[in-house]
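One structure is given here, and the rest of the page talks about it.
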Amino acid sequence: MAEHNNNSSEELSGQQDSAAENAAQDSKNGMPTTYDPKAAEDKWYRYWIENEFFKAGLRPEAEPYSIVIPPPNVTGMLHIGHTLVNTLQDILIRTKRMQGYDTLWLPGTDHAGIATQTRVEQKLREQGISRYDLGREKFLEQVWEWKEQYAEVIHEQWAKMGLSLDYSRERFTLDEGMSHAVRHVFVKLYEKGLIYRGKRIINWDPAARTALSDIEVEYKEVNGHLYHLRYPLKDGSGYITVATTRPETMLGDTAVAVHPEDERYTDMIGKTLILPIIGREIPVIADEYVDKEFGSGAVKITPAHDPNDFEVGLRHDLPQINVMDESGTMNAEAGPYQGQDRSDARKAITADLKEQGVLVSIEDHVHQVGHSERSGAVIEPYLSTQWFVKMQPLAEEAINAQKDGTGVNFVPERFEKTYMNWIENVRDWCISRQLWWGHRIPAWYSESTGEVFVAMSEEEAQAASGLNDLKQDEDVLDTWFSSNLWPFATLGWPDETSSDLARYFPNNVLVTGYDIIYFWVARMIFSSQEFTGKKPFKDVLIHGLVRDAEGRKMSKSLGNGIDPLEVIEKYGADALRYMISTGITAGQDLRFRIEKVEQARNFANKIWNASRFALMNLEGVSFEDIDITGDLSTADHWILHRLNETSREITRLIDAYEYGETGRVLYNFIWDDLCDWYIEFAKLNLYGTNEAAKSKTQSVLAYTLDRTLRLIHPFMPFISEEIWQHLPHEGETITLAAWPEYEQALENAEAVAEMNILMDIIRAVRNIRAEVNVPMSKKVDLIIKAGNEDILGIIQRNDNYISRFCNTSSFAAGLNPVTEGKVMSAVVTGAELLLPLSGLIDIDQEIARLEKEVQTLNSEVERVEKKLSNQGFVAKAPAKVIEEERAKQADYSAKREKVLARIAELRG
RNA sequence: AGGACGGUAGCUCAGCGGGAGAGCACUAUCUUGACAGGGUAGGGGUCAUGGGUUCGAACCCCAUCCGUCCUACCA
């Protein structure tokens, strides 16, 4: 496939489909003036994949650079947030690949236990089937089908985005390797006493009928009520008023607590109350947990339905009475309310309490209520037996690593605080889920003895127990229990002999959003520390969320989500990638506005057209002809210098993860320097008769465009490959082309200084013409008075450029040229420009214009002089700054003198 | 309650110690042989408010106001 492709006769792709509808066609060559991404994108992605350019390990001598993709859930289509995180990673990987690293970007997907199971159950429900109708095995078959279907969708989306993934190493959180790692971790933690089984208050999702971890609960403000209830004392001496937001839980009350130093209640401590409706006798206890100031100062205690009450209950040895079942329905303990749903029961109980005179009052009360992150159901604090990970010892290791400097480097830094705050206050992690889709807990119970055996397999458990009546735990593990092994388990861990593990672990960087620092990042860090003794990745790059144009979070219920495929269809993947990656600043949210994508699309089109221009002027030029040494023009030297600077800057910025700034630098270089200045300058040689100069400019143009495409390639892989393949080039693909580095040999300081003078002159003439309404199409005379011989030399060497840009009919330059009649003028550094426009412009108008200029110069001079006359400034400011100010002072003053002289001349 | 982030041109946002920037929108002008999804020129901002540090503050510190989010919650 390697070839030296000269200016091929094959047309640039994109023109095929759009040629007919494209009215703005160049009549000469039939090439469209707009880039159509559709044809190019699929073609090149196929080419890259077929040739295995993205495969890791092909450069065994090179330094490795690795990233694992945050595995998307197999719940459905990828959203715009995935586009962001994936583009950022692809940019890093593509850059590093071009820089010669042995790059690995490992793809994969997450089974997403509760999320996927909920979706499949939803689908079944639409067919009138529940998972219980199917049974565990049949249901799981359905989920696997779903998984295969969406994994396929995800692959297509990755391809559309142009991601340079190594598919030969793709993993799934439920595949055999990952499952083995999960069991291994469970067994090891169990053996160390860091996994235990216990009866605790956990967050119960009655809709999904499973336990959740603390961070899977979202608190939302809800307008509720505060119910005041009166519990009578058994001895008839009075009553105690308690308040609750959930009156139905009173059925499970086993005490009322007051503060031990609350004088209102000292006499009552130890007495017995009669729980209304149920008639149970419950004690009045004293506990410091109670806040004397709040409400009545007495709290009903329901150990089975409130985490705080649970703790109080343990301290006072109170019974735990669970009044609900796993679907949130009242159970036998609820007496007359058995069988009612918890919300119906609340109404019924409230009515009954009111009738019995127990309910004294109801106040409006705004409070935070926990909701399931997945099902949306109101969370029930629920007493049940679950598996937990003891977090303290694991957290400590991770905290120590962070404190002694061997930890993970957070970018931006502030997220380290977020992480530390969580891990320093972490509580035990409830890891068992009453679901079917997931890693089944590797614990077996003996039906005869009730003993528990934790092992890698049933065989091992049997061997260890010597029993053959073992039954495996029905529950599965929290999805994040497997995701947190992702960076190392995907590379072969726990097999320490895995060559991938040795070579690509730790990963260089993890890219993810701030919304899953707790869920995922923190857990990867502590499990990696525990099991590999290393941090999982050197850097973690945290990005913000993609929001809609109004700054709202994208959500299904609002229907304000953006489908990346639709955007790609309309604007191209490169435009979307460029917009979303360069539109962000570290850790900050991004508002998605279609105008921004249009702007990026226009930028791609600008590159397309600049390349069209180049190709039209590179006919017959082959790769071997390119020679950028020897006698180059001022502009040739200058663009090579700007390319040099840009390459260095882009390299630095990408390493610093400063995508927004990178985008700006690339945009300015390509649009301003390359298109607006260099291409215009180059035309003179390309259309000229000086064959040597033409040939050099062709070389510089081809070289510069080639390097520019390489710099833009990580951001816009498709268009850069499409154009690059048509330019004179060496190699099979731009994806493996060498990354442009700063080259001292390309520098020519004199030429750069010359170019700056030329640009100043051209800008000044344009300004004057615009100000007095002399259009560029109308030719004018131009006289330049140079300040000295050197400047004069520069002007004379480049008079053809100046003439062209200033559109002069006659051009004269000298140290003291004859300046007849009334003329317009401007002063630039080192020279004075004169345009004889006496026929076109009133002399008073010109004097007024010049006086305005003097005013601007005056204020500049004043500002600088004020600064320089400040003793503090001269004494304390850095020498470099003072020097700069002095130079400005001299420059502005000199210009002002010349303009003043000009005014005098015109007057007199 | 604690914490984080943000308040800069009409809009969306960069800049984060030394002359206020970009894109879009707006005004004027140009169909010049890469590009009208374009060229050229221009208007528009007491950089939230009040103090402080500094020779110098949009930028650093403190306070206040407004907005967004996170964590923890008193029944």
Handout entry: Non-hydrogen side-chain atoms of F603(A) and T582(A) separated by less than 4.5 Å
Key = no
Handout entry: T585(A) side-chain N/O to A14(B) phosphate OP1/OP2 under 4.0 Å
Key = yes
Problem - Contact nearer the 5' end of RNA chain B, comparing A549(A) with E658(A) - result: A549(A)
Handout entry: E680(A) and R804(A) ion-paired at < 4.0 Å
Key = yes
Problem - Quiz item: cation-pi between K683(A) and F613(A), 6.0 Å / 45° - result: yes
Practice task
Flag the pair K888(A) and E885(A) as a salt bridge only when some basic side-chain nitrogen lies within less than 4.0 angstrom of an acidic carboxylate oxygen.
Solution key: yes
Which atom pairs link the protein and nucleotides 55-58 of chain B when you take only N or O atoms and keep those under 3.5 Å?
residue	atom	partner	partner atom	Å
C55(B)	OP1	K876(A)	NZ	2.0
C55(B)	O2'	N870(A)	ND2	2.7

Exercise for the section: Considering only atom C1', compute the distance from G45(B) to A14(B) and round it to an integer number of Å. Expected result: 15 Å
Problem - Y239(A) atom OH, over 12 foreign heavy atoms within 6.0 Å - result: no
Problem - Under 4.0 angstrom between K606(A) side-chain N/O and A36(B) OP1 or OP2 - result: no
Problem - Spacing of CG belonging to N858(A) relative to NZ belonging to K852(A), to within rounding of 0.5 Å - result: 14.5 Å
Handout entry: Between CG on residue L273(A) and CG on residue D253(A), distance to nearest 0.5 Å
Key = 10.0 Å
Practice task
Give a yes or no on whether a salt bridge exists between E661(A) and R664(A), defined as a side-chain N under 4.0 angstrom from a carboxylate O.
Solution key: yes
Exercise for the section: Assign D306(A) to base, sugar-phosphate, or nothing according to its heavy-atom contacts below 4.0 angstrom with the strands shown. Expected result: nothing
Practice task
Could you label the plane-to-plane angle of the F415(A) and Y514(A) rings as parallel, tilted or perpendicular, counting under 30° as parallel and over 60° as perpendicular?
Solution key: parallel
Fill in the blank from the handout: I594(A) CD1 to C11(B) C1', in whole Å, measures 16 Å
Problem - Separation between the C1' atoms of G51(B) and G10(B), rounded to whole Å - result: 32 Å
Exercise for the section: For K570(A) and G37(B), give me the distance from atom NZ to atom P, rounded to whole Å. Expected result: 14 Å
Handout entry: SB check E288(A) R315(A) (cutoff 4.0 Å)
Key = no
Problem - Rounded distance in Å between the P positions of A28(B) and C13(B) - result: 29 Å
Practice task
On RNA chain B, check which nucleotide each of A604(A) and E680(A) is closest to and give me the residue with the more 5' one.
Solution key: E680(A)
Problem - Between C47(B) and G7(B) - C1' atom distance, rounded Å - result: 10 Å
Handout entry: Integer angstrom distance from the P of C11(B) to that of A36(B)
Key = 31 Å
Atom pairs, N/O to N/O, protein against nucleotides 67-73 of chain B, distance under 3.5 Å?
residue	atom	partner	partner atom	Å
C73(B)	OP1	R427(A)	NH1	3.4
C73(B)	OP1	R427(A)	NH2	3.3
C73(B)	N4	Q368(A)	NE2	3.2

Exercise for the section: Let me have RNA chain B in dot-bracket notation, would you? Count Watson-Crick plus G-U wobble pairs, both distances under 3.5 Å, and use [ ] for pairs crossing earlier ones and | for inter-strand partners. Expected result: ((((((((.[[[[.)..(..]]]].(((((.......))))).....[[[[[..)....]]]]])))))))....
Practice task
Ignoring backbone atoms, establish whether K596(A) has a side-chain N or O less than 4.0 Å from OP1 or OP2 of C13(B).
Solution key: no
Problem - Minimum-distance nucleotide to N767(A) side chain [options: G42(B), A75(B), A14(B)] - result: G42(B)
Practice task
With heavy atoms under 4.0 Å as the rule, sort R863(A) into base, sugar-phosphate or nothing.
Solution key: base
Problem - ring-ring contact (aromatic ring centres under 6.0 Å, His included) involving F519(A) - partner list, sequence neighbours excluded - result: W480(A)
Exercise for the section: Describe the nucleic acid contact of R601(A) in one word from base, sugar-phosphate, nothing, applying a heavy-atom distance below 4.0 Å. Expected result: base
Practice task
Output yes when E550(A) and R591(A) qualify as a salt bridge under the 4.0 Å nitrogen-oxygen rule, no when they do not.
Solution key: no
Problem - Nearest listed nucleotide, side chain of A610(A), among U40(B), A34(B), C74(B) - result: A34(B)
Exercise for the section: Would you mind reading off the distance between L701(A) atom CG and A34(B) atom C1', rounded to a whole angstrom? Expected result: 11 Å
Practice task
Starting at atom CZ of R414(A), determine the distance to atom P of C5(B), rounded to an integer number of angstrom.
Solution key: 6 Å
Problem - Aromatic ring pairing H225(A)/Y227(A), orientation class (parallel under 30°, perpendicular over 60°, tilted between) - result: perpendicular
Exercise for the section: Rounded to whole angstrom, note down the P distance from G50(B) over to G23(B). Expected result: 31 Å
Handout entry: Verdict with supporting geometry, E853(A) and R849(A), salt bridge (charged side-chain N to carboxylate O under 4.0 Å, His left out)
Key = CA-CA 6 Å; E853(A) 206 175 320; R849(A) 191 188 69 83; 3.8 Å; yes
Fill in the blank from the handout: Whole-Å distance, D309(A) CG to C74(B) C1', equals 11 Å
Fill in the blank from the handout: Residue set satisfying side chain to side chain donor-acceptor pair (under 3.5 Å) with Y518(A), at least two apart, ordered chain then number -> none
Exercise for the section: Let me know the distance between CD1 of I679(A) and C1' of G33(B), rounded to the nearest Å. Expected result: 14 Å
Exercise for the section: Kindly say if W671(A) contacts the phosphate of G39(B), meaning a side-chain N or O under 4.0 Å from OP1 or OP2. Expected result: yes
Practice task
Measure the distance from CZ on R593(A) to C1' on G10(B) and round it to the nearest whole Å.
Solution key: 12 Å
Using atom names, set out every protein N or O paired with an N or O of nucleotides 22-26 of chain B below 3.5 Å, distance rounded to 0.1 Å.
residue	atom	partner	partner atom	Å
G23(B)	O2'	Q599(A)	OE1	2.3
G23(B)	O2'	Q599(A)	NE2	3.2

Fill in the blank from the handout: Of the candidates A41(B), A75(B), G37(B), the side chain of T34(A) sits closest to G37(B)
Problem - Distance, rounded to the nearest Å, where W677(A) contributes CH2 and G38(B) contributes P - result: 19 Å
Exercise for the section: State the NZ-CD1 distance between K606(A) and I670(A), to the nearest 0.5 angstrom. Expected result: 11.0 Å
Exercise for the section: Output yes when at least one side-chain N/O atom of H228(A) is less than 4.0 Å from OP1 or OP2 of A75(B), else no. Expected result: no
Problem - Gap in Å between the two P atoms, one belonging to U64(B) and one to U71(B), rounded - result: 25 Å
Practice task
Let me see the working for R886(A) and E883(A) under salt bridge (charged side-chain N to carboxylate O under 4.0 Å, His left out), right down to the final yes or no.
Solution key: CA-CA 5 Å; R886(A) 292 232 162 91; E883(A) 206 176 299; over 6 Å; no
Exercise for the section: Between G38(B), G42(B), G6(B), spot the one nearest the side chain of Q588(A), thanks. Expected result: G6(B)
Fill in the blank from the handout: Picking from A75(B), C35(B), G39(B), the nucleotide nearest the side-chain atoms of D676(A) would be G39(B)
Practice task
Among G18(B), A4(B), A75(B), find the nucleotide with the atom closest to the side chain of V881(A).
Solution key: G18(B)
Handout entry: A22(B) to G42(B) separation - P atoms, rounded to the nearest Å
Key = 11 Å
